[in-house]
Visitor: 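Before anything else, here's the structure in question.
Lettering follows sequence order; numbering is per chain, from 1.
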Amino acid sequence: MTGGKTPFLWTLFSAGGTLAALLFPVHLFLSGLAFPLGWLEAPSHDSLLNLVQHPLTRLYLFFLISLPLFHWAHRFRYTLYDGLKLKHLTTLIAVLCYGCALIGTVVTAYTLWNVP
Amino acid sequence: MGSREKLPPTVTLAVTRYRPEEESEPTLQTYEAPYRKDWVVLDALNYIKDKVDGSLSFRWSCRMGVCGSCGMMVNGEPKLTCAAFLSDYLPGPIRVEPLQFFPIVRDLVVDMTDFLHKLKKVKPWVVREEERPLSEGEYRQTPEQLDIYKQFSMCINCMLCYAACPIYGLEPGFVGPAAIALAQRYNLDSRDIGAQERLDILSGKDGIWECTFVGECTKVCPKNVDPAGAIQQYKLTGAAHWFKSVLLPWGRK
Amino acid sequence: MSAEAHYTRYHPQWYRRRVSVWWWLQSWRYTKFVLRELTSVFVAFFAVITLWQLRALVDGPQAYTQFVRGLKSSPLVAVHGVAFLFVLFHSISWFHLAPKAMVMRLRGKRVPDWVIVGLNYFAWLIASGTIAWLLLRG
Amino acid sequence: MDVFSRDVLVVGGGGAGLRAAIAVAEANPRLSLAVISKVYPMRSHTVSAEGGAAAVIKPEDSFDEHAYDTISGGDWLCDQDAVEAFVKEAPAEMLQLEHWGCPWSRQPDGRIAVRSFGGMKVERTWFAADKIGFHMLHTLFQTSLKYDALQRYDECFVTRLLVDDGRCRGVVAIEVATGRIFAIAAKTVILATGGCGRVFPFTTNGAIKTGDGMALAYRAGAPLKDMEFVQYHPTGLPFTGILITEAARSEGGWLLNKDGYRYLQDYGLGKPEPKPVLRSMELGPRDRLSQAFVKEQEKGRTFEGPYGHYVHLDIRHLGEELIDRKLPFVRELCRKYVNLDPVKEMIPIQPVVHYMMGGIHTDIHGATPLPGLYAAGEVACVSINGANRLGSNSLTECLVFGARAGRAAAGFAAEQKESNPAVFAQASDEQKRLEESLLRKTDGKERIASLREEMQKTMEACAGIYRTGAALQQAAQDLHQLQERFHDLRLEDHSYTFNTELTGALELSFMLDVGEAIVASALARRESRGSHQRTDHPQRDNEKFLAHSLAYRTPEGLPRIDYLPVTITRWPPGQRVYGK
Ligand SMILES: Cc1cc2nc3c(=O)[nH]c(=O)nc-3n(C[C@H](O)[C@H](O)[C@H](O)COP(=O)(O)OP(=O)(O)OC[C@H]3O[C@@H](n4cnc5c(N)ncnc54)[C@H](O)[C@@H]3O)c2cc1C
Ligand code: SF4
Ligand code: F3S
Ligand code: FES
């Protein structure tokens, strides 16, 4: 693998890592634990939808979902290489990892585009 | 010597032996050495070599943590044996092995020719378009400019960071922490203009992008060089360059 | 295998060690590293959940209610609990690595690492507070 | 046996060797060039130098001042033509190193910063915090990588010089990793193998400083000059002998005896002042300071510890900020090796063998009397250090005379025709000797370590800071006996692969030769001068001994001492005055 696209993918990885580090804990805590367990009152469908309709929120959500996916793709790819010594499968793994992230990104974009 | 509290009079060392003429694999051999409070592991090894078994081989010279020759694994961690006090490993036995991930030449001696090739590859010297004649005096460099690269110039080439970096173990081609830190040392030196040449080399195969920021290199470094930091900063520069060259292809010379 | 290379005089016969697939289990430092890397799986997990939630939201109140009910199932809560710990681990390790990659200088002096780490935590608090406020104000 | 051939072969990859090699590559890129070293070059002992390197740079300084400080510091035993060449070329050499990237410490405006040093009247010691040797060596080594013409034989141990027809023709060496013995036929050989501190038990010198080059040249017929002048550094850490750099004193550190008294004032070194005064008190020359320590000890005013007598070096009043900026290594070493923080506590120190003023006799171009053989660095004696070297002159010496030797050797090599086949026979003799008398020998009962310890004890007892004729006489006999016993040596290691016992044995035999030369030279010099203090001849005697001693190896193996007048150009012998 030459310098090639790596710097770009690494930038996505870093940006995603930073977003995830800053924002995921609170989102996860609220929507995965606090709301389902009733510790805090969850916002209603309408108010959420209201929020999401705002273009800034949509932009926010786009990055919030897609960049961490690329963060995962990049990091997981190397974890597979190193942790399982799978360097010989490099192309396959790369295609799978970044491919998934790309699909996730497209679906996110499509969904956000179609917010009623 | 002197009066001391109750301390173990001796300490056991389990030392790697590998004699290629006789055996095809390394084995561990145990030795007893006297315990002294001010002894380092290297002192115990020297005691063994002098008094017990003259055939034990290892490298050392300065005994003050600056020549970089006495790196070994002490209880599984890369250490300068001249700076690893026996008292920190009591009650023993202390396992002393050759640096991890390097081929073993003999006993505690590893082969490090690989590193020397890599070092040369990153052009660790001041690159200039034109040398300034000596008659014009020194290149000015303020203490602040010196401070920018100083830390990375402290590397004693002891190889502990390589023995700590699993990526080097998995991927022996990886240029590795110390060599990259030294490349960065020259990149950041206000007298040097070789950064682009080095980046071309190091953004290629086996360069900075191999590193996954395990960070162990920095933890074991006896001279606080922080190779992990050097590499990440280098990646940032590499990425910036990439964007520049893609977005402004005409902007590069 | 049986034909082991034999020593010949004046020729080095180095012993080369192979790194085992389980290298990261052999030392806690390495295990910790691999765990850190595996936080990415939970990051991805939550990104997908968020995407899913978004789709449910867009699909209308009914789909959304169903999704919310799904979140309350105990296995999913448990998974979220674990994911939360991993994501926290990610945040903390990420903040602490940040000063290595980003060197800031102020008036010629390098900004000490703890300041940068502190700034990260500060940003974290602000961001978390803002988001919580947006979601909780009702 | 493999025989390689080179135009110029540099033995030693320390400061002097690398500087010489680069000089050859620059002087004549067509020459084939190699550096052979028993350790990887960056392991060479230059790496541990701490304090700095001297060269005139300040406007208020002058070459004459530097020359005078050097000559009076050397108790007029310096060759003044050499000193003049040295001080004049020093600044350019240091600048060259700056251009190669050495991270010298700077003033706020970006110019080179200098500090004061013992025995120097003006600040002229360039420094890179307190790791100058390290930075210098790595700068030179890394720069040397850029010369493709420069080939290296790393971890190859030179065992013998090949001499034929009155000329040096190459070397025989062992590749340590494989045990392969090979010869390099060379038109010129530059020895830059460093000093011999390991002849003594308590030294700042690393394990590799075993006087190999001195013994190699001595055996090949070149004389060793001024070998009786062994420098004790006043401030070493007990037990390890780790050096606390002179910079600790030049920044303002004090030497205190057990009553907390700055005892140097009792030894004609000036009055105590709160701020350091150049050429006075703690900034006096090393020989005087070490001698004062012995006197204090005799008066019972030193501390007694498990590793002998000691006094205190106090740098607490310098403050944490200055210590961290200018003496970080001192703090690191103290914390690590004596478990104390010099910011808060006083450092125990005692004099320790540090440097060899003597060495292979060379002229000011680094040429030895044996044609084709050059020498530079601590292994050589160009005679700029005389009877006592001033701190920070020796790194500069490595550069100036390394470069000079390189250029001269390049010139000599270019004039020579192909080398002489007689060396092949000699080389295979040497191979036989190594294999039969050491590697494959299974009888014998002496151990390396015990002979080495006895030698070191002998040297310390007779050739220390103060010496007497009787003790030296005794030592000469003891060393001779040790030489005999060396033949009865037995190695436990018969492996060809990285056999450090074999190299250890060779080093021991080199050290025995060097030790004999030191003792014989000291015995013959019946006066006291600089670092050579004879209690039975306490006065300096310019009439008889304003001369360099030359030790030649006789066919029986014993040294024969001869004398050579000192070159005096402009500074007639005077009194060494400090503290005024
Ligand atoms: C602790 C300490 C601090 C010092 N501080 C200062 C200071 O502040 N200022 C100053 O001016 N001076 C200082 N000195 C003195 C100075 O460092 C040395 O005199 C100088 O570095 C010697 O350099 P060199 O190149 O001659 O030898 P070295 O650096 O010792 O190099 C010798 C080389 O020869 C090679 N070699 C030796 N034997 C053989 C063999 N048989 N075969 C092949 N290769 C061989 C070695 O491998 C090595 O590469 C200090 C010395 C010490 C010990
Ligand atoms: S970076 Fe540190 S650990 Fe690595 S070789 Fe240099 S000094 Fe040793
Ligand atoms: S341990 Fe290795 S992976 Fe990178 S951060 Fe250090 S080089
Ligand atoms: S012996 Fe030099 S670093 Fe340990």
Side-chain angles (χ1 to χ4, degrees), chain A residues 13-14 16-38 40-49 51-52 57 60-61 64-69 71-79 82-86 100-101 104 107-108 111-112 114-116, chain C residues 19-21 23-24 34 36-51 53-58 60-62 64-65 68-73 76-77 79-81 83-84 87-88 90-95 98 101 120 123-124 127-132 134-138:
Chain A
F13 154 80
S14 305
T18 310
L19 271 190
L22 284 174
L23 305 172
F24 270 29
V26 60
H27 276 298
L28 204 161
F29 177 75
L30 290 176
S31 70
L33 297 170
F35 297 153
L37 291 174
L40 291 166
E41 198 190 329
S44 68
H45 172 264
D46 290 350
S47 64
L48 262 191
L49 191 62
L51 204 57
V52 171
T57 316
Y60 169 80
L61 284 174
L64 184 74
I65 296 171
S66 63
L67 284 176
L69 282 176
H71 169 79
W72 163 79
H74 194 73
R75 210 171 210 185
F76 194 61
R77 168 186 162 211
Y78 279 97
T79 315
D82 303 330
L84 298 176
K85 301 201 6 169
L86 294 177
C100 287
V107 174
T108 312
T111 312
L112 287 169
N114 289 321
V115 170
Chain C
V19 177
S20 118
V21 183
W23 60 268
W24 46 275
V34 169
R36 187 190 87 193
E37 297 300 285
L38 285 179
T39 57
S40 71
V41 173
F42 294 92
V43 166
F45 162 77
F46 186 66
V48 170
I49 291 281
T50 309
L51 176 53
Q53 182 177 18
L54 183 64
R55 290 196 63 90
L57 193 70
V58 173
Q62 222 176 353
Y64 188 68
T65 322
V68 170
R69 200 175 310 127
L71 283 185
K72 288 187 179 152
S73 75
L76 208 53
V77 169
V79 173
H80 268 115
F84 181 64
V87 168
L88 262 190
H90 166 72
S91 302
I92 294 168
S93 57
W94 195 266
F95 295 155
N120 270 299
W124 191 37
S128 303
T130 317
I131 290 164
L134 278 173
L135 289 177
L136 290 174
R137 76 199 149 140

Visitor: Among A/Val52, A/Leu112, A/Val115, exactly one meets side chain to side chain contact (heavy atoms under 4.5 Å, CB included) together with C/Val58. Which residue is that?
Guide: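 It is A/Val115; the other options fail the test.
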Visitor: Can you name the closest pair of heavy atoms from A/Gly83 and C/Trp24 and give their distance?
Guide: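 Result for this residue pair: O-NE1, 2.9 Å.
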Visitor: Roughly how far, to the nearest 0.5 Å, is the CG atom of A/Leu69 from the CZ atom of C/Phe46?
Guide: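 Answer for the CZ-CG pair, C/Phe46 versus A/Leu69, is 12.0 Å.
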Visitor: Tell me whether the rings of A/His71 and C/Trp94 are parallel (<30°), tilted (30 to 60°) or perpendicular (>60°).
Guide: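 Geometry flag for C/Trp94 against A/His71: perpendicular rings.
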Visitor: What are the two closest heavy atoms between A/Thr111 and C/Leu51, and how far apart are they?
Guide: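 That would be OG1-CD1, 4.3 Å.
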Visitor: Heavy atoms only, distances under 4.5 angstrom: which of C/Thr50, C/Val34, C/Leu54 has the most pairs with chain A? Name it, please.
Guide: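 Most heavy-atom pairs within the cutoff with chain A belong to C/Leu54.
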Visitor: If the condition is side-chain contact (heavy atoms from CB on, under 4.5 Å), which residues does C/Leu76 pass it with, not counting sequence neighbours?
Guide: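 With sequence neighbours excluded, C/Leu76 shows a side-chain contact (heavy atoms from CB on, under 4.5 Å) to C/Leu71, C/Ser73, C/His80, given in chain and number order.
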Visitor: If I measure from the heavy atoms of chain C, does A/Thr79 come under 4.5 Å with its side chain, its backbone, both, or neither?
Guide: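 For A/Thr79, side-chain heavy atoms alone lie under 4.5 Å from chain C.
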Visitor: Where on A/Phe13 is there a heavy atom nearer than 4.5 Å to chain C: the side chain, the backbone, both, or neither?
Guide: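 Both backbone and side chain.
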Visitor: Grab the two heavy atoms, one from A/Ala20 and one from C/His90, that are nearest each other, plus how far apart they are.
Guide: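 Nearest heavy atoms, A/Ala20 then C/His90: CB-NE2, 3.8 Å.
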Visitor: In terms of heavy-atom pairs under 4.5 Å with chain A, which of C/Val21, C/Ile49, C/Val43, C/Leu57 leads?
Guide: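 Among C/Val21, C/Ile49, C/Val43, C/Leu57, the one with the most close pairs to chain A is C/Leu57.
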Visitor: Between A/His27, A/Arg75, A/Glu41, who has the most heavy-atom pairs with chain C when the cutoff is under 4.5 Å?
Guide: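 Ranked by heavy-atom pairs under 4.5 Å with chain C, first place is A/Arg75.
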Visitor: For A/Asn114, is it the side chain, the backbone, both, or neither that has a heavy atom closer than 4.5 Å to a heavy atom of chain C?
Guide: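 Only the backbone of A/Asn114 comes within 4.5 Å of chain C.
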Visitor: Measure A/Leu28 against the heavy atoms of chain C and call it side chain, backbone, both or neither at under 4.5 Å.
Guide: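 Both parts, backbone and side chain.
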Visitor: Between A/His74 and chain C, with a heavy-atom cut-off of 4.5 Å, which part of the residue counts as in contact: side chain, backbone, both or neither?
Guide: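 Looking at A/His74, nothing touches chain C.
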Visitor: Heavy-atom cut-off 4.5 Å, strictly under: side chain, backbone, both or neither for A/Leu51 against chain C?
Guide: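 Just its side chain gets close to chain C.
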Visitor: Any side-chain heavy-atom pair from A/Leu48 and C/Tyr64 closer than 4.5 angstrom?
Guide: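 They are in contact (side-chain heavy atoms under 4.5 Å apart), so the answer is yes.
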Visitor: Side chain, backbone, both or neither: which part of A/Leu37 has a non-hydrogen atom closer than 4.5 Å to chain C?
Guide: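 Looking at A/Leu37, just its side chain touches chain C.
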Visitor: Can you tell which part of C/Phe95 gets under 4.5 Å to a heavy atom of chain A, answering side chain, backbone, both or neither?
Guide: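 The side chain, not the backbone.
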Visitor: Show the nearest heavy-atom pair for residues A/Tyr60 and C/Ile131, with the distance to one decimal.
Guide: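 Of all heavy-atom pairs spanning A/Tyr60 and C/Ile131, the closest is OH-CD1, 3.2 Å.
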Visitor: Between A/Asp46, A/Leu67, A/Val107, which residue shows the highest count of heavy-atom pairs closer than 4.5 Å to chain C?
Guide: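 The answer is A/Val107.
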Visitor: Where does A/Leu61 contact chain C at under 4.5 Å (heavy atoms): side chain, backbone, both or neither?
Guide: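 Contact with chain C: side chain only.
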Visitor: Could you report the tightest heavy-atom contact between A/Asp82 and C/Trp23, atom names first, then the distance?
Guide: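 So the minimum-distance heavy-atom pair works out to O-NE1, 2.9 Å.
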Visitor: Checking A/Thr18 against chain C: side chain, backbone, both or neither under 4.5 Å from a heavy atom?
Guide: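 Contact with chain C involves both backbone and side-chain atoms of A/Thr18.
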Visitor: Can you say whether C/Val41 sits under 4.5 Å from chain A via the side chain, the backbone, both, or neither, judging by heavy atoms?
Guide: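 Both parts, heavy atoms under 4.5 Å.
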Visitor: Identify the two heavy atoms, one from C/Val77 and one from A/Pro36, that lie closest to each other, and give their separation to 0.1 Å.
Guide: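 Between these two residues, the closest heavy atoms are CG2-CB, 4.4 Å.
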Visitor: How long is the gap from CG on C/Leu136 to OG on A/Ser47, to the nearest 0.5 Å?
Guide: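 It is 10.5 Å, given to the nearest 0.5 Å.
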Visitor: In terms of heavy-atom proximity below 4.5 Å to chain C, should A/Leu30 be classed as side chain, backbone, both, or neither?
Guide: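 Just its side chain gets close to chain C.
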Visitor: Using the rule given for side-chain contact (heavy atoms from CB on, under 4.5 Å), can you reason through A/Leu23 versus C/Trp124, listing the C-alpha separation, both sets of side-chain angles and the distance that settles it, and then say yes or no?
Guide: CA-CA 7 Å; A/Leu23 305 172; C/Trp124 191 37; over 6 Å; no
Visitor: For C/Ser20, is it the side chain, the backbone, both or neither that has a heavy atom under 4.5 Å from a heavy atom of chain A?
Guide: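 It is the backbone, since no side chain atom gets that close.
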